[in-house]
Undergrad: 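Pasting a structure here, questions to come.
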Amino acid sequence: MAEEPAEITGTIEIEDDDEGSDDPNLQAAELFLRAVEEEQNGAVYEAIKFYRMAMQLVPDIEFRINYNRPPDADRAGGKYMEDNDVDSEIEDLLDYFEEQLTLESSFPKICTPELELTRMHISALPREILMYIFRWVVSSDLDMRALEQLSLVCRGFYICARDPEIWHLACVRVWGRNCTKVVPFKSWREMFLQRPRVRFDGVYISKTSYIRQGEESLDGFYRAWHHVEYYRYLRFFPDGHVIMLTTPEDPLTVIPRLRTKNTRMESALLGHFRLSQETDNQTKVFAVVCKKKEEKAAEFQRNRFCRRNPPPEAEHSFHVGLHLASGGRQSFSKLVWIHHSCHITYKLTGETVVTAFDLDRMYAPFFFARVKSYTAFSEQPL
């Protein structure tokens with residue numbers, strides 16, 4: 001009879017103030033260990049379900065669990081590498097999966113087809129080609145969520161999805177080419193998940209509402225009051241572009257029209273943004289936006305008395321400063337106003353007039369809303 005696979009146990013270290021039956025760390029640890037047990041028993045689909053549930057609670061759960069090997073692990077069908085210290089811990093799930101693939105075959109493949117196929121299986125592709133496919137999954141929109149979901153398919157995909165080069169490229173796209181050192185983080189993936197940044201897979205929305213007093217009626221018996229409500233939208237792109245829009249239209253109408261930088265909304269302001277790590281250990285976002293410059297089309301005079309419109313005498317640009325914070329369960333999902341000003345530059349004299357706005361209660365913070373359609377298609381690889 002074939003011997004039963006060895007059971008893996010694990011523990012997760014948490015702070016004293018995090019203890020509790022409904023603690024997400026403990027729930028994620030239990031789900032993750034359940035997934036490992038199901039995978040050992042051959043229930044791959046059940047394992048994927050528990051892996052997904054655990055990572056939804058704690059995205060980096062595999063780094064928090066200590067995997068312990070029981071004393072009889074060396075007798076479990078040779079699935080574990082022989083080691084004098086049978087109580088040694090598996091530091092990383094990535095190393096554990098790579099060890100398993102190496103021991104199963106002298107020429108390990110990324111994955112193995114479950115059923116016999118008449119066509120070529122994806123496991124027959126070279127790893128370089130497979131990694132290129134993974135870069136298409138991430139795409140230029142930095143859809144790292146799709147990469148994490150892809151890692152739940154099998155052990156081989158998990159290994160490919162943890163490739164440091166992919167996560168390094170994603171970090172470079174966010175923080176620029178000066179992002180050359182991974183310290184103080186343990187990996188590029190940990191940097192991307194934990195270092196404060198703006199998100200690109202959705203839109204930041206600020207809703208402002210107030211009551212405005214209207215004019216008195218003609219007979220003087222009553223006075224109307226108006227409930228004014230409008231929205232501000234901020235859409236960031238990985239290449240440094242940003243769209244800012246202020247409109248009374250609700251999100252269901254506006255969000256689909258902000259999918260690309262080439263929006264046709266006349267009231268939209270386009271510009272660039274940058275992240276800044278201040279000395280107070282706060283990450284701030286600075287953006288400069290202005291009205292979209294219309295392309296100069298050929299002008300045709302309808303008659304000889306028509307005159308061309310004179311060029312604008314001044315250019316307007318808006319400078320915005322925001323503080324990046326976390327709101328609720330989502331990370332980097334809140335932007336708080338710290339600066340807003342209008343810069344008017346007169347072309348004839350070159351003089352620039354700066355008008356700073358008072359940040360009163362009309363400047364409500366932005367909250368992030370994920371939009372699935374923004375990352376539904378890949379236009380180019382990472």
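Because the structure is predicted, anything quoted here is derived from the model rather than measured.
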Undergrad: Which ILVMFWY residues are connected to Tyr132, directly or by a chain of links, through side-chain heavy atoms under 4.5 Å apart?
TA: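 When side chains under 4.5 Å apart are linked, the cluster holding Tyr132 also contains Trp136.
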Undergrad: Taking Gly202's backbone N and O only, do any of them form a donor-acceptor pair with Arg370's side chain (distance below 3.5 Å, no angle check)?
TA: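 A pair under 3.5 Å: no.
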Undergrad: Indicate yes or no: does Glu46 engage Lys49 in a salt bridge with an N to O separation below 4.0 Å.
TA: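 The answer is yes: the pair qualifies as a salt bridge.
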Undergrad: Please report, to 0.1 Å, the donor-acceptor pairs under 3.5 Å made by any side chain of residues 246-253, with sequence neighbours excluded.
TA:
unit_1	atom_1	unit_2	atom_2	d
Thr247	OG1	Glu249	N	3.2
Asp250	OD1	Thr253	N	3.2
Asp250	OD1	Thr253	OG1	2.9

Undergrad: What's the shortest heavy-atom distance between Phe50 and Ala35, and which atoms?
TA: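 For Phe50 and Ala35, the tightest heavy-atom pair comes out as CB-CB, 3.5 Å.
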Undergrad: What residues, two or more places apart in sequence or in another chain, satisfy side chain to side chain donor-acceptor pair (under 3.5 Å) together with Arg199?
TA: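 For Arg199, the residues satisfying side chain to side chain donor-acceptor pair (under 3.5 Å) (neighbours in sequence not counted) are Asp201.
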Undergrad: Counting only N and O atoms by type, is there a donor-acceptor contact under 3.5 Å from the side chain of Asn41 to the main-chain atoms of Glu37?
TA: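 Yes; judged by distance alone, with no hydrogens or angles, the pair exists.
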Undergrad: Start with the C-alpha gap between Tyr51 and Glu39, add the side-chain angles, then the distance that decides, and say whether side chain to side chain donor-acceptor pair (under 3.5 Å) holds.
TA: CA-CA 10 Å; Tyr51 278 135; Glu39 185 178 6; 2.9 Å; yes
Undergrad: Measuring from atom NE2 of His319 to atom SG of Cys290, what distance do you get when rounded to the nearest 0.5 angstrom?
TA: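 Output value for this atom pair is 9.0 Å.
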Undergrad: Once ring-ring contact (aromatic ring centres under 6.0 Å, His included) is applied, do any residues pair with Phe192, and if so which ones, sequence neighbours excluded?
TA: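 ring-ring contact (aromatic ring centres under 6.0 Å, His included) list for Phe192, sorted by chain: Trp167.
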Undergrad: Suppose we screen for ring-ring contact (aromatic ring centres under 6.0 Å, His included). Which residues come up paired with His168, at least two apart in sequence or across chains?
TA: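 His168: ring-ring contact (aromatic ring centres under 6.0 Å, His included) contacts with Trp188.
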Undergrad: Please identify each residue that fulfils side chain to side chain contact (heavy atoms under 4.5 Å, CB included) with Leu150, with sequence neighbours left out.
TA: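 Phe134, Val137, Val153, Phe157.
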Undergrad: Residues in side chain to side chain contact (heavy atoms under 4.5 Å, CB included) with Gln194, at least two apart?
TA: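 Checked Gln194 against side chain to side chain contact (heavy atoms under 4.5 Å, CB included); matches are Asp60, Phe185, Glu190.
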Undergrad: In plain terms, say whether Glu38 and Arg34 are close enough for a salt bridge, that is, a side-chain N and a carboxylate O under 4.0 Å apart.
TA: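 Judged by the 4.0 Å cut-off on N to carboxylate O distance, Glu38 and Arg34 do form a salt bridge.
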Undergrad: Any side-chain to backbone donor/acceptor pair from Thr263 onto Arg257? Under 3.5 Å, distance only.
TA: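 Yes: the side chain of Thr263 pairs with the backbone of Arg257.
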Undergrad: Quick check: does any side chain N or O of Lys291 sit under 3.5 Å from a backbone N or O of Glu266, one acting as donor and the other as acceptor?
TA: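 Side chain of Lys291 to backbone of Glu266, a donor-acceptor pair under 3.5 Å: yes, one is there.
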Undergrad: Can you see which heavy atom on Ser140 is nearest to which on Pro238, and at what distance?
TA: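 Taking Ser140 first and Pro238 second, the nearest heavy atoms are O-CG, 3.4 Å.
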Undergrad: If only atom types and distance count, is the side chain of Ser378 paired as donor or acceptor with the main-chain N or O of Ser139 below 3.5 Å?
TA: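 No; judged by distance alone, with no hydrogens or angles, the pair does not exist.
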Undergrad: Who are the ring-ring contact (aromatic ring centres under 6.0 Å, His included) partners of Tyr204, not counting sequence neighbours?
TA: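 Result, ring-ring contact (aromatic ring centres under 6.0 Å, His included) vs Tyr204: Phe236, Phe368.
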Undergrad: With ILVMFWY side chains joined below 4.5 Å, transitively, what does Leu258's cluster contain besides itself?
TA: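 Val203, Ile205, Tyr231, Tyr233, Phe237, Ile243, Leu245, Val254, Ile255, Met265, Leu270, Val371, Tyr374, listed by chain and number.
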Undergrad: Please enumerate all residues that pass side chain to side chain donor-acceptor pair (under 3.5 Å) together with Asp358, with sequence neighbours excluded.
TA: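 Listed in chain order: nothing, the list is empty.
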Undergrad: Report the distance from atom CD of Glu229 to atom OG1 of Thr208, rounding to the nearest 0.5 Å.
TA: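 It comes to 9.0 Å.
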Undergrad: When you look at CZ of Arg145, are more than 12 heavy atoms from neighbouring residues, nucleotides or ligands closer to it than 6.0 Å?
TA: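 At most 12 heavy atoms, drawn from other residues, nucleotides or ligands, come within 6.0 Å of this atom.
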Undergrad: If you measure from the Lys or Arg side-chain nitrogens to the Asp or Glu carboxylate oxygens, is any gap between Glu148 and Arg162 under 4.0 Å?
TA: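 Yes, this pair counts.
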Undergrad: Measuring from atom CZ of Arg127 to atom SG of Cys160, what distance do you get when rounded to the nearest 0.5 angstrom?
TA: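 That separation rounds to 4.5 Å.
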Undergrad: Give, for atom CD of Gln149 and atom CD1 of Ile48, the distance between the pair rounded to the nearest 0.5 Å.
TA: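 Interatomic distance, Gln149 CD to Ile48 CD1, rounded to 0.5 Å: 12.0 Å.
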Undergrad: Hey, does the side chain of Asp239 reach the backbone of His241 with a donor-acceptor pair shorter than 3.5 angstrom?
TA: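 Yes, because the side chain of Asp239 sits within donor-acceptor range (under 3.5 Å) of the backbone of His241.
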Undergrad: Are the side chain of Asp360 and the backbone of Met362 linked by a donor-acceptor contact shorter than 3.5 Å?
TA: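 Yes; at least one donor-acceptor contact below 3.5 Å.
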Undergrad: If the condition is side chain to side chain donor-acceptor pair (under 3.5 Å), which residues does Trp175 pass it with, not counting sequence neighbours?
TA: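 In terms of side chain to side chain donor-acceptor pair (under 3.5 Å), with neighbours along the sequence ignored, Trp175 is linked to no residue.
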Undergrad: Return all side-chain donor-acceptor pairs below 3.5 angstrom for residues 339-346, not counting sequence neighbours, or 'none' if the list is empty.
TA:
unit_1	atom_1	unit_2	atom_2	d
His339	NE2	Ser341	OG	2.9
His340	ND1	Tyr363	OH	3.1
Ser341	OG	His343	NE2	3.3
Thr345	OG1	Thr352	OG1	3.2

Undergrad: To the nearest 0.5 Å, what is the distance between CG (Leu324) and CZ (Arg197)?
TA: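 Interatomic distance, Leu324 CG to Arg197 CZ, rounded to 0.5 Å: 9.5 Å.
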Undergrad: In Å and rounded to the nearest 0.5 Å, what is the CG to CZ distance from Asp141 to Arg173?
TA: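 Separation between the atoms: 8.5 Å.
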